[in-house]
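I have placed the structure first, in the form of structure tokens, so that the comments after it can refer back to it.
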Amino acid sequence: MEKSYDDTNTEKSGLRLKDTELRLGLPGSESPEREEHDQNVLSLKSFVSGAKRGFSDALDGGGKWVFSGGSGGGSEGLFSPRRGGNNNGGNDLSGSDSGLGGPVLKDGVAPKPLVVQEKKSQVAAGNGNTAPASKAQVVGWPPIRSFRKNTMASHPPKNDNDDDNAEAKFGSGCLYVKVSMDGAPYLRKVDLKIYGGYKELSSALEKMFSCFTIGQCGSHGVSSRDVLSESRLIDLLHGSEYVLTYEDKDGDWMLVGDVPWEMFTNCCKRLRIMKSTEAIGLAPRAMEKCKTRT
Amino acid sequence: MQKKVACSFPDEVLEHVFSFIQSDKDRNAVSMVCKSWYEIERWCRRKIFIGNCYAVSPRMVIRRFPKVRSIELKGKPHFADFNLVPDGWGGYVLPWIAEMAGAYPWLEEIRLKRMVVTDECLELIAKSFKNFKVLVLFSCEGFSTDGLAAIAASCMNLRELDLRDSDVDDLGGHWLSHFPETYTSLVSLNSSCLGSDEVSLSALERLVGRCTNLRTLRLNRAVPLDKIANILGRAPQLVDFGTGTYGADLQSDVFSSLAGAFSSCKELRSLSGFWDVVPAYLPAIYPVCSRLTSLNLSYVTIQSPDLVKLLRHCPSLQRLLVLDYIEDSGLEALSSSCKDLQELRVFPSDPFGEEPNVSLTEQGLVSVCLACPKLQSVLYFCRRMSNVALVTIAQNCPNLTRFRLCIIEPRTADFLTLEPLDVGFGAIVEHCKDLRRLSLSGLLTDRVFEYIGRYAKKLEMLSVAFAGESDLGLHHVLSGCESLRKLEIRDCPFGDKALLANASKLETMRSLWMSSCAVSFGACKLLGQKMPRLNVEVIDESGPPDSRPDSCPVDKLYIYRSVAGPRFDMPPFVWTMDEDSALQVHALHVAEYNRKPDWIGVGTYEESIQGLRAKMPFVLYLAELSNTSQCSSQPLLSGDTTLTPPRPLLRLPIETLESDDKTQRSKEGKYMIKMRYSMNPTICFEIRPISTRSFPGV
């Protein structure tokens, strides 16, 4: 089988450090990189044809070609930029590479467990309990448009022969509500059904909107996200800066946390993370919160 | 003398000839014949379709086609319909509208799918295009009825306003009254997606009454049943009607006026809506049923016998959308009543329940396929399937062009044999030679992909979920499906190898989506670096992918071909893997809109784009927002580095940077700016310091 690359090319085939090097230059100066690029494209093409043969070789070689390990053609070391010159040693796949080699999972571990398998084990575990409402949802499955889901959920199908399970069938699916945060550039949507209670919702929202609160920390000259520790985040959302509010079915804006969780999920239409300063008219509790924290 | 033949016709003659050529494919072919034909064609192209708004920039389109009257754009990947694409991903139409406002003052039609449209966009449309006629917002979001009011008030020549399936912030029905009393041009109105309980019925009735050319009217749920007769009475010429709520306490006078109104609609061919149906009112539509070709009962939650009773009155039906309440027995009845059926969609009434709630199985679909020879398009949700059923379907419906089967429980085997459904789907692709769209489900091994690669030569769009065993499956598809344009995959064990081996195939496709698969970050980087005409975007909400080893799989991957280079409106959780990808790491979010902004002067967008590519320092013109919720600056401009003189960037506020930020900024090459288009009119900026972590040796 044709080898497009051998070990001596590994250096070239690796991450081209020169290309990604920071360079200084005045506006208008040339950035010389294009010729190298064509070379890359060419080499990729020749590799591709080699790789195809690699596949058929693997097939002809008997046995199904599998993801990790297995016998195969020669080692094609192109797509493993960090191996630093040693095709086999640095590679965590046991045995020779098959086909493309490349940046595969360490230790030849199978692809990460898929969501559904986890879901299944949850269902199995739950079988002993009394009437689980529905199994854990896989996001976006079955593939039903949001418009349909929301329409069916807000007006659950009525059955003439009314069983218990006729109640809000679609409602047991998911309940997406929009969450906006003052100052954030776009809305998010959350599925209220996946949270067990206010605490889970609160921490999920913190995580989701953490990137938007970096500016609040004040620029301490360090702009990296790493700096933003969890405790600072929590202080922001639980502290005096923001309160979590929701719009209920009547169109009124209420403070989150006053009613039982079930009732909340039934009447919440959208959420808003509001600045405490704007929440003055909302409820006395918001002001109390500010006072107690400061 | 032979050489001159092509040029011997005056341009006007060629232009006239070209005007008879409407399809994009043919137009593209014409433009490739020779240079002069390219020139003539581009000046007379009136209609543009752009399947991926990021494949090309507005500036490029305008430069090539200066006289466009109609544009269609698509934004987010298809899986955004199922909440797999996080909010803020992109698909903003504002840059397009902004550019076209200047370049295409005579633009008449805008059709958008899965894009983010703001009220600002709608106001800009209303203001900029004097002869605006058609606005279709299919599955869009980000706007409210205030924006619609602006359209209504200004677009005197508006013919079509279609909001189907869009997520609209419905502030009440008053937007309808913004259509002036002198406005009469409406031909088509679809506001069925509006969710408010309020609707201005009098404005609606007056509008319908004075627009005598109205052919399509789809109402939203807020319109009560007892108002339908009145509305229909004013528009007996309707061809396509969507009711609002179709339920109320039964009153004989309401019923008879309803039936009377329907019977006077002699042109009616399509019905939809029917929310909250009360079965007793259904017979009111019997007068029109015999002529109906399209019926959307997909929100009708009544039992099979009532559905069948209705369908028996509709022998001309070509298109039916229905819930699985119809059951196998109902589909059997359908197959004997409606021989002309071309399209069938059966939706699940209880998709999240553990047990089936209705008796709908593969038999229903089989009976329809056996009896309806014209069937071309199928969307079917069910809970069990067998290979023998699929083979029967394939053999009896060789004309299928779209086949989407969703077996609700992932990885469900053939219920008769407990084998995978490879053979069944294999039969579909083998027999249905014109199949253009296919969605798979059930238990599937790599074999099904072998069949698909071998037989599905006309397949353009393939959706795969919870299927396959190894990269070989993906390889079969990428190497075998010659017509493939869109491939979307979720939760399949496909990794790097097939993807990298078929990298060049990706340039022949519109896009590839892979989520919850096994593609590593390293492979994504490599693909992005080696394939300059592909945009490789990694979506990962758990943090920067380079904070983990290269071998870690990415959460979601979206690859699409583009001549516009990487986009600049990505949210924090989307990383582009282009050649500069090593430079983009952290984000400092600087937008804080109600503080006094500082002016930080500097360069132009063009210079900044140059800077991004040549890794140069740069900054931005920034300006003050008048208040936190309205952007008073110019609309966004897209970046085209060839433009001279350079144009100023959209001006935005920026929070005061600490003094050491400024000094850091003066250290050349250390900063990069990314722009974000937001759903709200306010737009924020990020200044990203370049981390030295990603590239060793710097």
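Here is how names work: the chains are called A, B, and so on, in the same order as the sequence lines, proteins then strands, and each is numbered from 1. Worth knowing before you read on, the calculation uses all heavy atoms, side chains too, and leaves out hydrogens, waters and symmetry mates.
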Worksheet item: Can you list the steps and then say if T151(A) with R221(B) is a side chain to side chain donor-acceptor pair (under 3.5 Å)?
Response: CA-CA 10 Å; T151(A) 306; R221(B) 208 168 188 166; 4.9 Å; no
Fill in: Cationic N near anionic O, under 4.0 Å, D167(B) to K178(A)
yes
Worksheet item: Would you say D81(B)'s side chain and R145(A)'s backbone share a donor-acceptor pair under 3.5 angstrom?
Response: no
Discussion item. I'd like to know which of G195(B), C193(B), S441(B), S463(B) tops the heavy-atom pair count under 4.5 Å against chain A.
Written reply: C193(B)
Fill in: Greater than 12 external heavy atoms within 6.0 Å of R447(B)'s CZ
no
Discussion item. A side-chain contact here means heavy atoms from C-beta on lying under 4.5 Å apart; do K149(A) and F82(B) qualify?
Written reply: no
Worksheet item: Most heavy-atom pairs under 4.5 angstrom with chain A, which of V519(B), D165(B), L84(B), D197(B)?
Response: D165(B)
Fill in: S439(B), part contacting chain A, at a heavy-atom distance under 4.5 Å
neither
Worksheet item: Looking only at atom types and distance, does a side-chain atom of R490(B) sit under 3.5 Å from a main-chain N or O of G140(A), one as donor and one as acceptor?
Response: yes
Worksheet item: Checking heavy atoms, do the side chain of S192(B), its backbone, both or neither come under 4.5 Å from chain A?
Response: backbone
Discussion item. Quick one: does any side-chain atom of W141(A) pair with a main-chain N or O of I408(B) as donor and acceptor, under 3.5 Å?
Written reply: yes
Worksheet entry | Contacting moiety of F347(B), where chain A heavy atoms sit under 4.5 Å | side chain
Worksheet entry | V138(A) side chain near F466(B) side chain, heavy-atom distance below 4.5 Å | yes
Fill in: Minimum side-chain heavy-atom gap R270(A)-D169(B) below 4.5 Å
yes
Item to complete: Evaluate the side-chain proximity of R188(A) to P86(B): yes if any heavy-atom separation is below 4.5 Å, no if none is.
Response: yes
Practice prompt. Please report the closest heavy-atom contact between F381(B) and P142(A), naming both atoms and the distance.
Written response: CE2-CB, 4.0 Å
Worksheet entry | Inter-residue atom distance Y299(B).OH - F147(A).CZ, 0.5 Å rounding | 4.5 Å
Worksheet item: Where on C406(B) is there a heavy atom nearer than 4.5 Å to chain A: the side chain, the backbone, both, or neither?
Response: side chain
